[in-house]
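Worksheet: one structure, shown below.
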Amino acid sequence: MKINIVEISKNKDFDLEIVLVNNLNQIECEKDREILENLEFKVKDEMAVLLAQSKKIYASFEEFSYDSLAIAMATAIKRFNSTKYKSVKLLLNSSLKDNFKALVEGAILGSYSFDNYKSEKEIKKQELAFVVEDKDSQLTTILKESQTICEAVNSARDMVNTAPADFTPKSFVKEAQSIAKEFELDCEILGEKDLEKQKMMSMHSVGRASIHESQLIHLKYKPKKAIKKVVLVGKGLTYDSGGLSLKPADFMITMKADKSGGVAVLNTIKVIAKLKLPIEVHAIIGAVENMIGGNAYKPDDILRAKNGKTIEVRNTDAEGRLVLADCLCYAQDEIKNIDYLLDFATLTGACVVGLGEYTTGIMGNSEELKHQALVSAQNSGEYATKLDFNRYLKKCIKSEIADVCNISNTRYGGAITAGMFLDNFIYEENKNRWIHFDIAGPAFVEKAWGYNPYGASGTGVRMAVQFIKDLTKL
């Protein structure tokens, strides 16, 4: 969908007009107001009505907040997309101008659809115009930046939604190399022999039963005069069967989404490079497929990670943390003077149980850094909350025969114990520079919500981009 900002003096004829309302008395046309009342139009989220006679789409919003306005805009655009009309406009008053970012992002994210596997595709060329009294360079800047971010979110959605047979670890490599070529980034790839040489046997073991070779991807964006150095690490399980601790059949469905962390990291560095931010960013992805076979790693195995720590495997379905353990060690060994170390992973079902399907869990050792990450998440439009480490839960991942166990000895607090497991692979100098984002809840949901469609949401991209953007203001 094409989006423009149009001056009212150059206003052409549009097929439809979107009217956003949070009070029915604001509706100027008395006839429209009467029809809407008869249709029981309510001021609440996800409510939109097309009045064909007046050629207007009325969409309601509950409050002047990012989420409420983005949802209203997404709902209106979905209604527009369901018609054969080619163009629609929205008049920007002062209140809507102040919330322009929400309107743009709601429109782009709300218009997303995934039809790659549909035999019949409907291609529509539609246009949205934001109509203003005078040209405003600030609005143009917001529009361009939001388009860049949302295109990356939708790209992440496409990657996550792609079937596991069509998106393997080598597919991750192909995408990374494409980004590297487009933005002239350095790109290093480590295959399984390289993992062995690097003594990354925690990650290596997870993928060794798959016919698809595991890949560690390291993209580097290094602008001149960078003011900070940020390392992003992503869990890229292109498919997770659970390994020998095989998942039940219904739990295996949607496991193509276990690559969401890696996909978020990949698309984040693309945005940063396109925006040319003065922050050095490294994106490291552990691209692996967890399958079964005669050479699969198994419960009772003892694995040795890159930092020399030994891990007792008691469940092969707790594989993401094993991949991240080595990726985090690799990041700290290869990259010096890290300012921020952030990892993103669909790590635990426990996080979904604790926080619901729509919220990311933020963990780490620094209260100040966790708060900083939380604020950035909220400003980006993503839901997140903090989960605090607990000295008593540390006992739950204690192993009698190795340095640490890959699962807890209790079913409770699983998201936090997984985060505390990762803490074993954070070097002392980086303890207060590290944040773990468990995106298991919002990354993939089998029902539409707000401006997010069925399936992948692209969670993590906006949050990470906002965090890095905020560093330029410190």
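We count residues from 1, following the sequence as given.
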Requested in this report: Using only heavy-atom distances, determine whether the side chains of Asp158 and Asn116 contain a donor-acceptor pair under 3.5 Å.
Outcome: no
Query raised in the report: So do Gln138 and Lys97 actually touch side chain to side chain, heavy atoms under 4.5 Å?
Result: no
Requested in this report: Salt-bridge test for Lys220 and Glu188: reply yes if a basic N is under 4.0 Å from a carboxylate O, no otherwise.
Outcome: yes
Query raised in the report: Hey, mind stepping through Tyr85 and Phe80 against ring pair (Phe, Tyr, Trp, His ring centres under 6.0 Å) and telling me if it holds?
Result: CA-CA 7 Å; Tyr85 292 110; Phe80 169 55; 7.7 Å; no
Query raised in the report: Do other residues, nucleotides or ligands put more than 12 heavy atoms under 6.0 Å from the NZ atom of Lys2?
Result: no
Query raised in the report: Less than 4.5 Å apart, any side-chain heavy atom of Asp339 and any of Arg433?
Result: no
Query raised in the report: Does the side chain of Val233 come within less than 4.5 Å of Val265's, by heavy atoms?
Result: no
Query raised in the report: How about Gln378 and Tyr66: does a side-chain donor come under 3.5 Å of a side-chain acceptor?
Result: no
Requested in this report: Could I get the full list of side chain to side chain contact (heavy atoms under 4.5 Å, CB included) partners for Tyr383, not counting sequence neighbours?
Outcome: Asp67, Thr359
Report task. For the pair Phe130 and Leu128, evaluate side chain to side chain contact (heavy atoms under 4.5 Å, CB included) and give the outcome as yes or no after the intermediate values. Result -> CA-CA 7 Å; Phe130 292 102; Leu128 164 65; 3.7 Å; yes
Query raised in the report: With a 4.5 Å heavy-atom cut-off, do Leu216 and Ile285 have their side chains touching?
Result: no
**Report entry** Between Asn290 and Ser241: side-chain donor-acceptor atoms closer than 3.5 Å
**Finding:** no
Query raised in the report: How close do Lys259 and Thr162 get, heavy atom to heavy atom, and via which atoms?
Result: NZ-O, 3.4 Å
**Report entry** Side-chain donor-acceptor contact under 3.5 Å, Ser210 with Glu289
**Finding:** yes
Report task. With the side chain counted from C-beta on, respond yes when Asn267 and Val465 share a heavy-atom pair under 4.5 Å apart, and no when they do not. Result -> no
Report task. Compute whether any side-chain donor of one residue and acceptor of the other, for Asn22 and Glu63, lie under 3.5 angstrom apart. Result -> no
Report task. Assign the ring pair His282 / His218 to parallel, tilted or perpendicular, where the plane angle (0 to 90°) is split at 30° and 60°. Result -> tilted
Report task. Decide side chain to side chain contact (heavy atoms under 4.5 Å, CB included) for Val6 and Val132; before the verdict, give the C-alpha distance in whole Å, the side-chain angles of both, and the deciding distance to 0.1 Å. Result -> CA-CA 6 Å; Val6 177; Val132 296; over 6 Å; no
Query raised in the report: When you look at CD of Glu133, are more than 12 heavy atoms from neighbouring residues, nucleotides or ligands closer to it than 6.0 Å?
Result: no
Query raised in the report: Do Ser68 and Glu62 have a side chain donor and acceptor closer than 3.5 Å?
Result: no
Query raised in the report: Step by step, would you call Lys247 with Asp240 a salt bridge (Lys or Arg N to Asp or Glu O under 4.0 Å)?
Result: CA-CA 9 Å; Lys247 292 178 184 287; Asp240 178 23; 3.5 Å; yes
Query raised in the report: Can you say whether the rings of Trp434 and His436 are parallel (under 30°), tilted (30 to 60°) or perpendicular (over 60°)?
Result: parallel
Report task. Applying side chain to side chain contact (heavy atoms under 4.5 Å, CB included), name anything that partners Val353, two or more places apart in sequence or on another chain. Result -> none
Query - Validation row: Glu145, Lys469 side chains within 4.5 angstrom (heavy atoms) - result: yes
Query raised in the report: Is any side-chain heavy atom of Ile189 less than 4.5 Å from a side-chain heavy atom of Gln177?
Result: yes
**Report entry** Ser376 side chain to Asp470 side chain, donor-acceptor N/O pair below 3.5 angstrom
**Finding:** yes
**Report entry** Stacked cation flag Arg157 on Phe114, 6.0 angstrom / 45 deg
**Finding:** no
Requested in this report: Without swapping roles, check the side chain of Lys124 against the backbone of Asn81 for a donor-acceptor pair under 3.5 Å.
Outcome: yes
Query raised in the report: What do the steps show when you test Lys235 against Glu319 for salt bridge (Lys or Arg N to Asp or Glu O under 4.0 Å), and what is the final call?
Result: CA-CA 10 Å; Lys235 171 188 172 183; Glu319 85 303 323; 3.5 Å; yes
Report task. Give a yes-or-no answer on whether the side chains of Tyr340 and Asn430 include a donor-acceptor pair shorter than 3.5 Å. Result -> no
**Report entry** N-O pairing of Lys31 and Glu34 below 4.0 Å
**Finding:** no
Query raised in the report: With the threshold set at 4.0 Å, does a side-chain nitrogen-carboxylate oxygen contact exist between Lys222 and Asp186?
Result: no
Requested in this report: May I ask you to check if Lys447 and Tyr454 form a cation-pi contact, with NZ or CZ under 6.0 angstrom from the six-membered ring centre and within 45° of the axis?
Outcome: no
**Report entry** Enclosure of Phe64 CZ (heavy-atom neighbours >12, cutoff 6.0 Å)
**Finding:** yes
**Report entry** Side-chain heavy-atom pair Ile284, Val231 within 4.5 angstrom cut-off
**Finding:** yes
Report summary line: Of all heavy-atom pairs linking Ile18 and Leu90, the shortest is O-CD1, 3.1 Å
Query raised in the report: Considering residues, nucleotides and ligands other than Gln147, do more than 12 of their heavy atoms fall under 6.0 Å from its CD?
Result: yes
Query raised in the report: Counting only heavy atoms not in Lys174, do more than 12 fall under 6.0 Å of its NZ?
Result: no
Report task. Fit a plane to each ring of Phe172 and Phe167, take the angle between them on a 0 to 90° scale, and name the class: parallel (under 30°), tilted (30 to 60°) or perpendicular (over 60°). Result -> perpendicular
